[in-house]
Amino acid sequence: MKIATFNINGIKARLPRLKEWLAETRPAVACLQEIKSQDEGFPAGEIEELGYSAIWHGQKAFNGVAILVDSQAGYTITEVQRGLGVDGPKDGEGEQARYLEAEVNGVRIACLYLPNGNPQPGPKFTYKLAWMEALRARMAQIWAEEVPAVVLGDFNVIPEDDDTWSVKAMQDDALMQPESRDAYARFLNDGWTDALRTHNPRGGVWTYWDYQAGAWQRDHGFRIDHILLSPECADRLESVGVDKAHRGREKASDHAPVWVRLKA
DNA sequence: ATGTCAGCGGCACGCTGA
């Protein structure tokens with residue numbers, strides 16, 4: 001069972017690339033972030049034409065998450081929860097569309113787009129840390145259910161120094177502040193397995209390259225898209241990968257897809 | 001030192017968020 005995460009940075013702008021990626025790599029489950037689309041603008045029809053069914057949680061202009069399953073291969077999806085109940089950093093704006101959880105053929109899937117948190121310090125960084133705390137609480141509930149579970153998405157956290165091309169360039173960024181890293185480390189301390197880290201213990205694997213400053217051409221990237229596995233899923237981990245070549249295509253997202261394959 | 005992109009409102013391009 002292949003399970004993937006892909007921050008697509010706008011589903012309207014990225015639809016040709018998304019369709020290409022689905023057709024070429026056929027993940028059983030594809031978690032998408034930054035669809036940047038309201039619910040009614042989601043291109044469900046075009047995704048169905050590729051043999052995928054989907055659930056989505058959108059909002060206007062920003063954020064937004066979706067989970068796609070390969071219905072052609074017999075996968076079915078049932079929504080479990082949307083949102084973590086954390087209000088956005090501005091007064092009265094309510095909750096942003098960043099979390100969607102579902103059951104897919106006996107595996108719990110939690111798709112997330114964690115707040116970026118810049119600039120820090122400030123209200124956006126405070127919001128990021130509050131969101132991470134709420135996520136940890138939800139992960140503890142899932143853990144207590146003792147179901148096979150995969151928590152994946154754009155965490156907007158660079159976990160270790162060797163997860164970035166330059167510590168110096170990123171040192172003041174919200175993505176690698178000690179508070180962000182400590183909150184991420186707590187997920188691992190709770191028993192979740194960072195799939196990419198397990199297969200690349202010395203780091204040096206990127207999932208994001210900025211559009212600016214020729215970052216892609218210079219391989220100036222870092223690792224912020226993560227796949228966390230419950231113990232049952234960690235035991236079934238067969239392979240992991242980053243579809244790096246897709247970052248180099250025309251009109252690409254600034255993130256590359258990341259995936260795991262679990263034994264049946 | 002700088003370098004980009006997507007979506008919005010609304011129809012030109014400045015603003016926001018990343």
Side-chain angles (χ1 to χ4, degrees), chain A residues 5-21 31-43 46 56-66 86-99 111-132 135 153-159 163-166 168-177 179-181 183-184 206-226 244 246-258:
Chain A
T5 176
F6 189 7
N7 180 322
I8 56 172
N9 189 15
I11 198 162
K12 295 182 198 82
R14 210 68 59 218
L15 196 54
R17 291 290 85 83
L18 173 64
K19 290 168 73 173
E20 213 171 73
W21 173 69
C31 293
L32 308 181
Q33 301 86 35
E34 283 204 90
I35 62 173
K36 294 185 175 179
S37 163
Q38 300 193 78
D39 284 340
E40 53 272 27
F42 190 83
E46 296 207 50
W56 57 94
H57 181 202
Q59 73 176 71
K60 191 174 178 177
F62 304 115
N63 310 316
V65 286
V86 184
D87 283 336
K90 289 178 196 158
D91 283 343
E93 73 169 320
E95 184 166 15
Q96 300 180 349
R98 296 182 175 275
Y99 184 86
C111 170
L112 64 96
Y113 175 48
L114 215 142
N116 173 295
N118 281 305
Q120 72 79 31
K124 290 185 175 179
F125 189 60
T126 304
Y127 169 55
K128 175 184 195 142
L129 299 179
W131 208 93
M132 292 186 83
L135 175 62
D154 178 355
F155 282 69
N156 269 316
V157 176
I158 298 169
D163 288 315
T164 174
W165 66 280
S166 167
K168 196 180 168 203
M170 299 303 293
Q171 63 187 353
D172 296 325
D173 198 286
L175 275 54
M176 54 173 271
Q177 292 313 296
E179 295 94 328
S180 310
R181 286 184 163 181
Y184 185 81
W206 321 142
T207 67
Y208 172 92
W209 295 258
D210 202 280
Y211 287 125
Q212 298 189 65
W216 168 249
Q217 288 76 10
R218 298 168 189 217
D219 199 30
H220 288 180
F222 39 84
R223 186 173 77 98
I224 53 175
D225 300 274
H226 306 307
K244 187 174 172 179
H246 287 255
R247 175 62 183 83
R249 296 193 180 183
E250 283 298 308
K251 298 279 287 175
S253 170
D254 41 5
H255 296 249
V258 182

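Quick caveat, the model's predicted, so the values are computed rather than measured.
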- Item | Option passing side-chain hydrogen bond (donor to acceptor under 3.5 Å, both in side chains) with A:Arg223 (candidates A:Thr207, A:Asp163, A:Thr164) | A:Asp163
- Query: Separation of A:Trp216 atom CH2 from B:dG3 atom C1', in whole Å?
  - Reply: 18 Å
- Round to a whole Å and report the spacing from CG of A:Asp254 to P of B:dC5. 10 Å
- Message: Within this structure, what is the OG-NE2 distance for the pair A:Ser253 and A:His246, rounded to the nearest 0.5 Å?
- Response: 12.0 Å
- Task: Quote, to the nearest angstrom, the P distance that separates B:dT2 from B:dG7.
- Result: 27 Å
- Closest-nucleotide ordering on DNA chain B, the 5'-leading residue of A:Ala13 and A:Asn118: A:Ala13
- Task: Send over the distance from A:Asp210 CG to B:dC5 P, rounded to a whole Å.
- Result: 10 Å
- Message: Between A:Arg218 and A:Asp210 (salt bridge meaning N to carboxylate O under 4.0 Å), is one present in this structure?
- Response: no
- Message: Quick check on the 6.0 Å ring-centre criterion: do A:Phe6 and A:Trp21 meet it?
- Response: yes
- Message: Using ring centroids (six-membered ring only for Trp), state whether A:Trp56 and A:Phe42 fall under 6.0 Å.
- Response: yes
- Starting at the 5' end of nucleotides 8-17 of chain B, put B wherever the base has a protein heavy atom under 4.0 Å, S where only the sugar-phosphate does, and a dash everywhere else. SS-------S
- Task: Starting from C1' on B:dA18, measure out to OH on A:Tyr211 and report it in whole angstrom.
- Result: 10 Å
- Query: Tell me, do A:Asn118 and A:Phe125 make a side-chain contact under 4.5 Å, heavy atoms counted?
  - Reply: no
- Item | B:dG3 versus B:dC15 - spacing of their P atoms, nearest Å | 16 Å
- Message: With rounding to the closest Å, how many angstrom separate the P atoms on B:dA6 and B:dG10?
- Response: 22 Å
- Quickly work out the A:Ile35 CD1 to B:dG7 C1' distance and round it to whole Å. 13 Å
- Task: Would you mind reading off the distance between A:Arg17 atom CZ and B:dC5 atom C1', rounded to a whole angstrom?
- Result: 15 Å
- Item | Interatomic distance, A:Asn7 CG vs B:dA6 C1' [rounded to whole Å] | 12 Å
- On a whole-Å scale, what distance lies between the C1' atoms belonging to B:dC8 and B:dA12? 13 Å
- Task: To the nearest Å, give me how far apart CG (A:Asn156) and C1' (B:dA18) are.
- Result: 8 Å
- Message: On DNA chain B, compare the nucleotides closest to A:Arg14 and A:Asp154; which residue's is nearer the 5' end?
- Response: A:Arg14
- Considering only NZ, NE, NH1 and NH2 on the basic side and carboxylate oxygens on the acidic side, decide whether A:Glu20 and A:Arg249 come within less than 4.0 Å. yes
- Just call it for A:Gly10: base, sugar-phosphate, or nothing, with non-hydrogen atoms closer than 4.0 Å on any strand. sugar-phosphate
- Task: Quote, to the nearest angstrom, the C1' distance that separates B:dG17 from B:dC11.
- Result: 22 Å
